[in-house]
Protein chains: 2
Amino acid sequence: MVRPSASDESAARKPNMREAILCAAEELFSINGFNAVSVRDIAQAAGANPGSVTYHFKTKDGLLLEIYQRHCEPMNRRRSELLTEAKRVRDVQDRLEAIVRAYVLPAFSSGSDLAGGGARFTRLRAVMSAEGNEVAGRIIAQTFDDTSHAFIDMIHESLPHIPRAEIVWRSHFLLGALYYTLVTPERVSRLSRGDADGFDAAHAMEQLVRSTVASLQAAALDQPDPSRRRAVGQIKT
Amino acid sequence: MVRPSASDESAARKPNMREAILCAAEELFSINGFNAVSVRDIAQAAGANPGSVTYHFKTKDGLLLEIYQRHCEPMNRRRSELLTEAKRVRDVQDRLEAIVRAYVLPAFSSGSDLAGGGARFTRLRAVMSAEGNEVAGRIIAQTFDDTSHAFIDMIHESLPHIPRAEIVWRSHFLLGALYYTLVTPERVSRLSRGDADGFDAAHAMEQLVRSTVASLQAAALDQPDPSRRRAVGQIKT
DNA sequence: CCATGATTTGTACAAATGTACAAATCATCC
DNA sequence: GGATGATTTGTACATTTGTACAAATCATGG
């Protein structure tokens, strides 16, 4: 029984054009980049008039800003929750895996109810990062760095013998791998000749977690590699 | 729009204008992306007239095409050479490292005499990939897939117990990490609070090689993880 | 039913874009 | 020195761009 009089529940029912524009812009930006998409493209995809975009978001940059502000907070909160859970895991290896999962999972599927999940927004971040978008760069640095530091510090606690700087490198590689997987999934399908599905986000995440946990545990660069012990011969550097 | 900084005067007395245009375009595209750079930006950076760009390369796409054709062949040849050398390495771990190095090294510093090295071109590829550039995508698929397959197959020979599809995933992550490192090196410096220099390409490469070799040796997803027996990194032949 | 504020529409405009092309300049060989 | 072909220059043009703004439409409370 729908009661039209109640003004409280109006949020879900309205065909909100503002939302449609945000959604269309997110989709188009994440595929084609910021510069290749015009305001008219967005308006058309959202079934709106170009003027509406100006009305709701003032400028094209403002639209991008709104997209970021919409996603950043929920995504980081979800990461913090998972990170706190991961902290309680006893076994070192299990804990490492939980930490990495806490970082990666919200990037693939957002914990919020925003349609399309976090994967699209993460792909958007990847593209903006590659394009050197200033608006995005500013937000990212001031919004994600805290989470990144928490993530790095927590790994460092689990792997105290590895210099923090090297953990930074490896977690940087993780983010790059994550971005690239979302940007060009078809390459995985192609190179595996169909044996792997690059578009299978869940499987991609499992592969990424497994791969990253292993790389994190590698010996530090300035330390001798323990696994080399069996090869008593020469060691090239 | 493009940042007015950079080195505009570098090509003041260039005898070969075609080369100067190529070089300027490569630089600008790799920083700002394809769509954000106008033909006039390129011409100004090269100290040329906008009409010259049309004369030498017909269209903007033609210019990008020429950049790719200029770099792809030398880079892949260098990779093949290094891969052939890597094949002769006896020790499995050393061979893996040599293979990864053969893949990564030409991407950081091109073996050819082209000024600026391969890093700039690799960053260009990263940005074009993120933007979903069609011209670039077509060339990449038909030029680099052979090398990628050779790379993957060679790793698979050294790690026969890991399904080829999983090696595809991991080498895909490698490329993503490589791209991202070249795209946003300042993030490494920032997150490491100065302990690491993201712009130090040589060191980045060492970190990437170490990290990747470890991730490649991780147990496959459908297999039980041997490292859970607490013995770190000990792998029997 | 009308008043009022929020939204949507249509249109306009200056700036920037890729490309075309004729004229001007240059290099090189007879 | 003059001819010839390659290159550079300057300019023009049709589109597309982001944004502005007045008019039209809508929603809603009195």
Side-chain angles (χ1 to χ4, degrees), chain A residues 2-26 28-29 31-67 128 131-136, chain B residues 1-4 6 8-26 28-29 31-67 128 131 133-136:
Chain A
V2 177
R3 199 183 296 187
S5 60
S7 58
D8 299 349
E9 304 167 355
S10 61
R13 293 291 294 165
K14 280 182 185 170
N16 203 345
M17 191 50 96
R18 187 186 149 94
E19 207 78 25
I21 293 172
L22 274 171
C23 190
E26 197 181 302
L28 289 175
F29 284 159
I31 293 179
N32 305 102
F34 184 77
N35 301 297
V37 177
S38 73
V39 174
R40 285 168 178 81
D41 290 335
I42 297 167
Q44 186 175 6
N49 191 284
S52 278
V53 179
T54 307
Y55 171 73
H56 284 290
F57 307 100
K58 196 67 184 172
T59 68
K60 196 183 171 188
D61 278 350
L63 175 54
L64 183 64
L65 192 71
E66 184 67 25
I67 291 175
M128 294 303 109
E131 280 187 321
N133 186 290
E134 289 186 21
V135 177
Chain B
M1 191 84 65
V2 156
R3 281 184 290 213
D8 301 58
E9 339 286 341
S10 60
R13 293 275 179 187
K14 262 289 162 65
N16 200 346
M17 194 49 97
R18 186 186 151 94
E19 208 79 23
I21 293 172
L22 275 171
C23 190
E26 197 181 303
L28 290 175
F29 284 159
I31 292 178
N32 305 98
F34 184 76
N35 301 297
V37 178
S38 73
V39 174
R40 285 167 179 82
D41 290 334
I42 297 167
Q44 185 177 4
N49 190 284
S52 278
V53 179
T54 307
Y55 171 73
H56 285 290
F57 307 100
K58 196 66 182 174
T59 68
K60 197 183 171 189
D61 277 351
L63 174 54
L64 183 64
L65 192 72
E66 184 67 25
I67 291 175
M128 294 302 109
E131 281 188 317
N133 187 290
E134 288 186 20
V135 176

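Each chain gets a letter, A, B and so on, in the order the sequences are listed, and its residues count up from 1. Computed over heavy atoms, backbone and side chain alike; hydrogens, waters and symmetry mates excluded.
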Open item on the list: So, taking the atom named CZ in Phe29(A) and the one named CD1 in Ile31(A), what distance separates them when rounded to the nearest 0.5 Å?
Closed with: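 Answer for the CZ-CD1 pair, Phe29(A) versus Ile31(A), is 12.0 Å.
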
Task: Spatial distance of atom CD (Gln44(A)) from atom CG (Asn49(A)) [nearest 0.5 Å] - done: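 Separation between the atoms: 11.5 Å.
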
Open item on the list: From C-beta outward on Val39(B), which listed nucleotide comes closest to its side chain: dG18(D), dT19(C), dT8(C)?
Closed with: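 My answer, after comparing the listed nucleotides, is dT19(C).
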
Open item on the list: My understanding is that only one of His56(A), Arg18(A), Lys58(A) makes a side-chain hydrogen bond (donor to acceptor under 3.5 Å, both in side chains) with Glu66(A); could you say which?
Closed with: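 Exactly one pass, corresponding to Arg18(A).
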
Indicate whether OP1 or OP2 belonging to [N] is found under 4.0 Å from a side-chain N or O atom of [X].
X: His56(B); N: dT8(D); value: yes
X: Tyr55(A); N: dT7(C); value: yes
X: Asn49(A); N: dG10(C); value: yes

[atom1] of [X] versus [atom2] of [N]: gap in Å, rounded?
X: Phe29(A); N: dG18(D); atom1: CZ; atom2: C1'; value: 12 Å
X: Phe57(A); N: dT8(C); atom1: CZ; atom2: P; value: 10 Å
X: Arg18(A); N: dA27(D); atom1: CZ; atom2: C1'; value: 18 Å
X: Leu65(A); N: dG18(D); atom1: CG; atom2: P; value: 17 Å
X: Glu19(A); N: dT8(C); atom1: CD; atom2: C1'; value: 17 Å
X: Ile42(A); N: dG18(D); atom1: CD1; atom2: C1'; value: 11 Å
X: Asn35(A); N: dT17(D); atom1: CG; atom2: P; value: 12 Å
X: Leu63(A); N: dT19(D); atom1: CG; atom2: C1'; value: 14 Å

TODO: Have a look at Ser38(A) and say if it touches a base, only the backbone sugar-phosphate, or nothing, with a 4.0 Å heavy-atom cut-off.
DONE: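 Counting heavy atoms under 4.0 Å across all strands, the contact made by Ser38(A) is with sugar-phosphate only.
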
Task: Residue met sooner reading DNA chain D from 5', once Ala36(A) and Gly51(A) are mapped to nucleotides - done: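 Checking each residue's closest nucleotide, the 5'-ward one belongs to Ala36(A).
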
TODO: Using the closest heavy atom to pick a nucleotide of DNA chain C for each, name whichever of Ala48(A) or Arg40(A) lands nearer the 5' end.
DONE: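 Comparing both residues, the 5'-ward one is Ala48(A).
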
Open item on the list: Testing the basics here: between Met17(A) and Ala48(A), what is the closest heavy-atom pair and its distance to 0.1 Å?
Closed with: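 Heavy-atom minimum between the residues: SD-CB, 3.6 Å.
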
Task: Polar side-chain atom of Glu131(B) near backbone of Phe34(B) as donor-acceptor pair, under 3.5 Å - done: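 Side chain of Glu131(B) to backbone of Phe34(B), a donor-acceptor pair under 3.5 Å: yes, one is there.
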
